[in-house]
Every structure is written in C-alpha cells, then in structure tokens.
Peer 1: 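Before anything else, here's the structure in question.
We count ligands from 1, going down the list as the structure has it; atoms in each ligand are counted the same way.
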Amino acid sequence: MIKVVKFGGSSVSCAQQFKKVKDIVKSDPSRRLVVVSAAGKKDPNDHKLTDLLYLCHAHLTYGVPCDEIFGRIRERLVEIRDELGLSYRIEDDLDSLETKLSKDMSIDELVSRGEYFTSRLMAEYLGFHFLDASKCIFMEYDGSFIPERISNAVRNAIGEFKGVVVPGFYGVLPSGKTRLMSRGGSDITGALVAAACKADLYENWTDVSGILMADPRIVENPSPISKITYSELRELAYMGASVLHEDSVAPVKDAGIPLNIRNTNEPDHPGTMIVERIDEQSLEHDRFITGIAGKKNFVILTVTKRMQGTNETLRKVLEILDRHKVHAEHITIGIDQFALVLPLATLGDGLYDVISEIKGQCKPDSVEVQDNIALVAAVGRKMIFRPGISGKLFNALGNEGINIRTIAQGSDELAIIVGVDNSQFENTIRILYQGFAG
Ligand code: ASP
C-alpha cells in the first residue's frame, strides 16, 4: 500500500509543526511520498514564505532593496533547521540565492525556493530522499503536465528509496526552467504524484478537520462532511466553497484514487473522505444534503419576445454573451420569454453593452434586469429519486419570508439552486443548514 501525503503551509510553519508531520508520517509506513508546501504563517501576524518571496520580487522589479525581507526568510528557515537540530547548511544555498537576486531573476525561480527549502529541511528531518520537482514534475510550456514522464520519475524514486519528499507548487519546463503553478498549487503536485504512483490514497493534510457542510463565517460550528463524492465536491466548489485547488482533483479522480482531507493539528480526526461513489447502504444519517454553498452578485436578464417555437433569439443572445466572455450560470425558458442568470463579476460594466447589443440584434419586446441576486446551492447525492425534497426546501425558505427569485435543479438531481436577494444570502444558508443539514 502507498499513500501520498501533502502538507500545506500551516503544517510546516515552524519546528513544532514539523514534529507533528513527522509523527503522522512515521505512524504509518505506507506514507512513503510526502509533498510539502512552503512554510506558512506561524500566527495570524506572521507571513507565508511564498508571500515574502513574491514581495522580494516586487522590490527587485522596482529597484527597491529587499534585504530586510530576505533576512526574514533566512531567519525563519535557519530557525527551523536549528530547532530541529538538522545539519543542512542552508546558509550556503541562501547566500548563493541572495547573490543572484536581481530584477532579471525569474519570479518562478525565486518564489519556488519557498517550497524547495522547506522540503529540503523536511527530507532530512524525516530521513527521506529529496526528489526535486525539477526532476519529476514535468510541464509543457502551456503549463500542462506530462503524466508519463512524471510517472517514470516518481516510480523510479519509490523503487529506490523507502521514503521520498517532493516540493509542491512548481515543475520544470522542457527548457529546464522552473515554472510555478497557480497559488495553492502544492495540492496539484500531491495529486500528480499520487496518480503517478497509483497510490491507494492521497491524504491532504491542512489545518481544518475536513470540509465543512457550510461556511463557518455564516453558520456557527457547521459539521464536517465525513464522506463526499467527487461530483458533489465539484458542485460545492463551483458554488463558492473554498476547499482544494480546483485542478488538484482531476488527477486523482481520473485515477480512481480516494482523497482524504485531514488536520495536522488533530491527527486522530478522520477528516473528509472524497470518493467516486458511495455505497448508499451506509447512509450514516438521514440527511439528504451533503453541503451548502453559494455566491453573491448575479444578475437575472429576462428577454421577452414572441419566439414562434425557435431558438434563434436565445442563440443570438448566447453568442453576444460569448463575445463578452460571460458564462450563463442558468437559463430558464418560457413561451415568449427566457431568463439568464449571469455573474456580475465577469460582466461588470459590460452589462450595458450586452443589453444594447441584444436590443439591436434581437429586437426583443423588452429586456429586464434584476440585480443583487445571490445563488445558494444545496448539494447532496441522496436527493436523487427522493420525492418532495425541493418542496421541503422552498417551504422552509417561504416560512421564513425569503422570496425565491429563481430556481434551478440539474438533471442529475445533485444540487438544488435557489436565487435570492443578496441581502438574504446568509439567512438562506442558515435556514437550509438548520432545517436540513445540522
Ligand atoms: N506556497 C504556495 C502558496 O502559498 C503553494 C501552496 O501552498 O500550495 O500558494
């Protein structure tokens, strides 16, 4: 059995956190591949190494000295090394990096050093082999990955060593240059490594005990989700739940590898297990909602015109939206009318251009706009084939005086989405949580 374990920045923020990581890794011999982020914040007033490195680069770009910031990076890393009693002469590598600092230094090269140094320290501390991402995370120039090459490199390493540490967040281009992923990219490295060695499990260790059923800033003490399918997770993430890096799910999902989100500070908690399919015999609770998420700031654009049974007007409107790079979240169609739910964030002031193009090209009877709309999704695989669920949800909201402005349900019945006024967003989430999830 092989488990790939990824530790986020807060799990490696100081020597004490390194100790927790070691206890976790050493308590299970199948945890043989460890992916590490750059040291994160030790406390709320502290800074992530990655942020400090970005800041160094910004200083260099504008010709402002960055010695003070670089000094803080050095201090953090040396402190971890010393407190753990390691022998890695990190000062030598930091000195040589410092001599290379100039405005021509690539941002990818500089910022990736956060993961590089943190992983070097972790590899020595665990007694594992350090496998640099420049030797195993192969990328194309467009940022896509080369799975066969990644797989060869990872398999060779675990064939040779009992334990391996790989830095997250960066890879190597065909030219040999370093290339960063987007923020939070170590999640992706973990997933790629797990897929590469066909791991039995990908554990993503962070500072929360799994995915919560609702945003804790809105619902007090929401329960964690013990099990969720990849499809449910996708719905929740799409509707705004901040869970994992979006691109980190596909490699493990496609390889059929379960993903377990765990808490480094509460290692006995089972966290959230994300799997392809859940045997519904094992319904733990009679809850039919797995999680609730939502987003604010949408507009509903209602176009009225006698459509004479054709799709022509709708097609033209969608083409206009395409040109403005706006994605319609939901569409409802009536006899002489259709309504589109559009995200204001991508539309911005372009809304007025969209409306005037619709008026010019489609000659509608009217175009109406309702703004300040929030979408809230109740997601749950157990809603499928159960009659009466939407009725219960709408009733609960109606009883609390919440006016539903639009409704959508996918044909897979995985999510019921309601559109409400922005001002009712938090309330809607709380009512759904209290009534059906808590
Ligand atoms: N250190 C990087 C960041 O802060 C990548 C990661 O943590 O996954 O975004």
Side-chain angles (χ1 to χ4, degrees), residues 4-14 17-18 20-21 24 33-58 69-70 72-74 76-77 80 90 94 97 105-123 130-134 136-137 139 143 145 150 165-172 178-196 202-208 211 237 241-252 259-265 271 274:
V4 171
V5 284
K6 178 255 162 177
F7 290 92
S10 59
S11 305
V12 292
S13 57
C14 59
Q17 292 298 88
F18 266 60
K20 293 183 189 171
V21 169
I24 292 166
L33 277 148
V34 180
V35 174
V36 176
S37 277
K41 295 179 182 192
K42 283 191 287 189
D43 54 66
N45 300 322
D46 194 22
H47 299 280
K48 293 176 167 199
L49 280 194
T50 306
D51 291 338
L52 293 174
L53 287 160
Y54 272 116
L55 204 56
C56 270
H57 193 266
I69 302 165
F70 196 80
R72 277 156 70 182
I73 296 170
R74 178 188 289 271
R76 292 275 311 269
L77 291 163
I80 295 175
I90 198 167
L94 285 162
L97 176 62
M105 185 172 197
S106 100
I107 192 162
D108 299 61
E109 178 62 32
L110 177 56
V111 174
S112 66
R113 296 307 87 185
E115 267 68 15
Y116 175 87
F117 288 128
T118 311
S119 300
R120 287 283 309 261
L121 293 167
M122 184 60 81
F130 173 73
L131 173 63
D132 195 354
S134 65
C136 65
I137 303 297
M139 295 168 87
F145 299 100
I150 298 176
V165 175
V166 181
F169 191 38
Y170 68 97
V172 60
T178 300
R179 160 98 192 224
L180 282 182
M181 300 173 196
S182 52
R183 293 300 304 259
S186 303
D187 284 347
I188 307 177
T189 309
L192 290 168
V193 169
Y202 171 30
E203 289 179 340
N204 193 305
W205 291 82
T206 167
D207 53 7
V208 286
I211 305 170
S242 60
V243 200
L244 288 163
H245 192 297
E246 237 184 286
D247 299 334
S248 69
V249 174
V252 273
L259 198 169
N260 191 191
I261 301 184
R262 302 283 295 265
N263 187 349
T264 304
N265 305 318
I274 307 159

Peer 1: Shortest non-hydrogen contact from R76 to S13?
Peer 2: NH2-O, 3.0 Å

Peer 1: So which protein heavy atom does atom 7 (O) of ligand 1 come closest to, and at what separation?
Peer 2: S37 OG, 3.1 Å

Peer 1: State whether the shortest distance between N or O atoms of R183 and N or O atoms of ligand 1 falls below 3.5 angstrom.
Peer 2: yes

Peer 1: Using distance alone, decide if ligand 1 has a nitrogen or oxygen within less than 3.5 Å of any nitrogen or oxygen in G184.
Peer 2: yes

Peer 1: Measuring from atom 8 (O) of ligand 1, which candidate in G40, G9, G114, S186 has the nearest non-hydrogen atom?
Peer 2: S186

Peer 1: V111 pairs by side-chain contact (heavy atoms from CB on, under 4.5 Å) with which of T50, D51, L52?
Peer 2: T50

Peer 1: What about K6: any of its N or O atoms under 3.5 Å from an N or O on ligand 1?
Peer 2: no

Peer 1: Locate the shortest heavy-atom distance separating N263 from V208; write the atom from each residue and the value.
Peer 2: CB-O, 3.4 Å

Peer 1: Determine the minimum heavy-atom distance between C56 and F70, stating which atoms define it.
Peer 2: SG-N, 4.0 Å

Peer 1: To which of H245, K48, M181, E115 does the heavy atom nearest atom 5 (C) of ligand 1 belong?
Peer 2: E115

Peer 1: Ring centres of F7 and F18 under 6.0 Å apart?
Peer 2: no

